[in-house]
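Take a look at the structure below.
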Amino acid sequence: MISQLAASGTARKIFAHCLDTINGGGLFVIGHVVQPKVKTTPLVPDQPHYNVNMKAIEVGGAILELPTDLFDTGDKKGTIIDSGTTLSYLPEVAYKAIMNAIFSKYPDLKFYNNQGFLCFEHSGSVDDGFPEVVFHFENSLLLNVYPHDYLFENRDNIYCVGWQNGGLQSKDGRDMFLLGDLVLSNKLVLYDLENQVIGWTDYNCSSSIKIRDGKTGAVFIVDSHNLYSAGKRLQLGGSILLLLLTLLCVF
Ligand SMILES: *[C@@H]1O[C@H](CO)[C@@H](O)[C@H](O)[C@H]1NC(C)=O
């Protein structure tokens with residue numbers, strides 16, 4: 001759709017999303033985002049997906065010691081930003097190192113398996129008990145992932161881990177980072193295909209952003225929308241509505 005709009009001269013090849021997992025709803029816009037300011041990292045050229053260069057992983061303020069070739073890019077290596085993936089898949093060595101670092105303070109924590117997820121009991125806010133995970137990218141772009149992002153509450157006081165061991169899934173020797181909505185939510189994520197960069201910033205997806213009309217230069221405020229009642233009706237009908245987005249197209 002973006003390519004067709006761009007080909008017809010209607011819109012520039014820039015779009016952004018903000019997926020709100022706190023209140024539901026969020027934003028989707030096509031056009032130049034003026035506010036918030038978003039820091040970016042270059043896209044790896046000529047890839048079928050949105051590939052970027054990861055440089056390091058930090059947990060609780062400490063950089064993890066990992067094999068350097070883990071961050072190579074290539075056919076079966078590298079990092080893909082994919083809003084179409086719900087969770088996030090890490091190469092086995094990175095998965096193990098991150099899990100160790102997150103849970104090292106709780107050696108006695110009892111995990112159990114719930115439909116393939118590792119779950120445990122915890123009372124109180126997970127943000128107080130567990131560390132932040134930060135992915136570092138080329139051009140010093142950071143991706144902050146908070147405990148409430150990577151630990152989801154399954155029942156009262158039962159939390160499950162969202163990180164997935166990609167080593168268990170890959171059948172073809174792929175050893176990639178596949179970063180999905182688990183880490184992309186509650187951020188404004190900007191895809192600037194004109195400049196071949198992608199970036200993000202922590203953001204309240206229930207608030208508004210400012211975008212500029214490419215032709216007139218006028219700046220518009222776009223509010224988030226949360227079609228709560230519509231979402232509820234669909235859920236009662238048996239389907240899960242994950243995202244309700246506002247679509248705004250700048251002419
Ligand atoms: C996010 O923005 C909405 C709308 O302006 C506001 O009601 C809400 O309090 C904000 N949330 C936070 C955590 O600041």
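Every number for a ligand or one of its atoms is a count from 1 in the order of the listing.
- Remark: side-chain polar atoms of Asp181 are not paired, donor with acceptor, to backbone N or O of Leu184 under 3.5 angstrom.
- Ring geometry, Phe111 versus Phe103: the interplanar angle exceeds 60°, so the pair is classed perpendicular (tilted spans 30 to 60°).
- Within the 3.5 Å criterion, the main-chain N or O of Gly162 finds a donor-acceptor partner in the side chain of Gln164.
- Protein heavy atoms come within 4.0 Å of atom 14 (O) of ligand 1.
- Among protein heavy atoms, the minimum distance from atom 4 (C) of ligand 1 is reached at Ser206 O, 3.4 Å.
- With hydrogens left out, the protein atom closest to atom 1 (C) of ligand 1 is Asn204 ND2, 1.5 Å, a heavy atom.
- Shown here, atom 9 (O) of ligand 1 is out of close reach of the protein: none of its heavy atoms lies under 4.0 Å off.
- A distance of 5.0 Å separates CD1 in Ile22 from NE2 in His148, rounded to the nearest 0.5 Å.
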